[in-house]
Amino acid sequence: MASEDTLIGNDWVVQLGDGSSPPVFADLCAAFDFGSVGEEKPLVDVTSYCDDARAYRNGLADGVEIPLQLNYIPGDAQAAFLYAAYRADELVDVKILKKDPDSPAEFFQFQATVRAWNVTGPIGERSVLTFTLKVSGEVLWVDSAAP
């Protein structure tokens with residue numbers, strides 16, 4: 001793979017599920033930054049009296065917090081959907097994938113709780129609506145081209 005094959009920020013799209021099962025996803029077009037997506041396993045100290053050095057194992061995976069930033073668009077239905085999920089303490093379905101529909105299907109999918117929201121209103125600049133998502137459960141890295 002050549003270095004020019006790497007993805008840049010505008011090669012990604014964030015999608016929200018509609019709350020049905022299975023979810024139907026739609027592009028969140030107002031989004032311009034999703035921070036980062038992933039998981040981290042805490043270290044669990046399993047050192048015993050017979051060990052000569054500290055010994056560790058991985059703990060349970062914990063999904064990261066994601067600052068999902070949107071251009072504030074009055075009346076945007078998906079922003080209202082995220083706010084409603086925040087108020088109702090409901091999980092939302094999220095998918096992050098490459099924009100190119102002709103490329104192999106590779107995406108990240110997870111559920112998240114909407115932990116916080118805020119809006120900025122700087123004079124002379126765009127207003128930004130930020131929702132802080134906390135991954136609930138695992139992040140699936142789906143690559144249909146993988147063997």
>> Check whether Thr132 reaches the backbone of Pro67 with its side chain - one donor and one acceptor, N or O, closer than 3.5 Å.
In response: no
>> Which residues pass the salt bridge (Lys or Arg N to Asp or Glu O under 4.0 Å) test with Arg54, not counting sequence neighbours?
In response: Asp45
>> Listing request: all ring pair (Phe, Tyr, Trp, His ring centres under 6.0 Å) pairs with a residue in residues 41-81, at least two apart in sequence or in separate chains.
In response: none
>> Suppose we screen for side-chain hydrogen bond (donor to acceptor under 3.5 Å, both in side chains). Which residues come up paired with Gln69, at least two apart in sequence or across chains?
In response: none
> Could you state the interatomic distance from CD1 (Ile96) to CD (Gln109), rounded to the nearest 0.5 Å?
Replying inline: 10.5 Å
> Hey, what do you get for CG (Leu43) to CG (Asn58), rounding to the nearest 0.5 Å?
Replying inline: 6.5 Å
>> Students often mix this up, so state it plainly: with edges at 30° and 60°, are the rings of Trp117 and Phe131 parallel, tilted or perpendicular?
In response: tilted
>> How long is the straight-line distance from CZ of Phe34 back to CG of Leu70, given to the nearest 0.5 Å?
In response: 13.0 Å
> Between NZ of Lys99 and CG of Asp11, what distance do you get to the nearest 0.5 Å?
Replying inline: 7.5 Å
> Could you give all pairs that pass the side-chain hydrogen bond (donor to acceptor under 3.5 Å, both in side chains) test and reach residues 18-36, with sequence neighbours left out?
Replying inline: Gln15-Asp27, Asp18-Ser20
> Parallel, tilted or perpendicular for Phe108 and Trp12, by the 30°/60° rule?
Replying inline: tilted
> Within a reach of under 6.0 Å around CG of Leu140, are more than 12 heavy atoms found that belong to other residues, nucleotides or ligands?
Replying inline: yes
>> Using the rule side chain to side chain contact (heavy atoms under 4.5 Å, CB included), only one of Thr130, Val114, Leu28, Val94 pairs with Leu68; which is it?
In response: Leu28
> Does Asp62 have any salt bridge (Lys or Arg N to Asp or Glu O under 4.0 Å) partners at least two apart in sequence or in another chain, and if so, which?
Replying inline: Lys134
>> Test of understanding: with side-chain hydrogen bond (donor to acceptor under 3.5 Å, both in side chains), list the residues that count as partners of Glu65, not counting sequence neighbours.
In response: Arg115
>> How close do Thr47 and Ala55 get, counting heavy atoms only, and between which atoms?
In response: OG1-N, 2.9 Å
> Leu133, Trp141: one ILVMFWY side-chain cluster at the under-4.5 Å cut-off?
Replying inline: yes
>> Keeping Thr120 on the side-chain end and Val128 on the backbone end, is there a donor-acceptor pair under 3.5 Å?
In response: yes
> Side chains of Phe32 and Arg126: does their closest heavy-atom pair fall under 4.5 Å?
Replying inline: yes
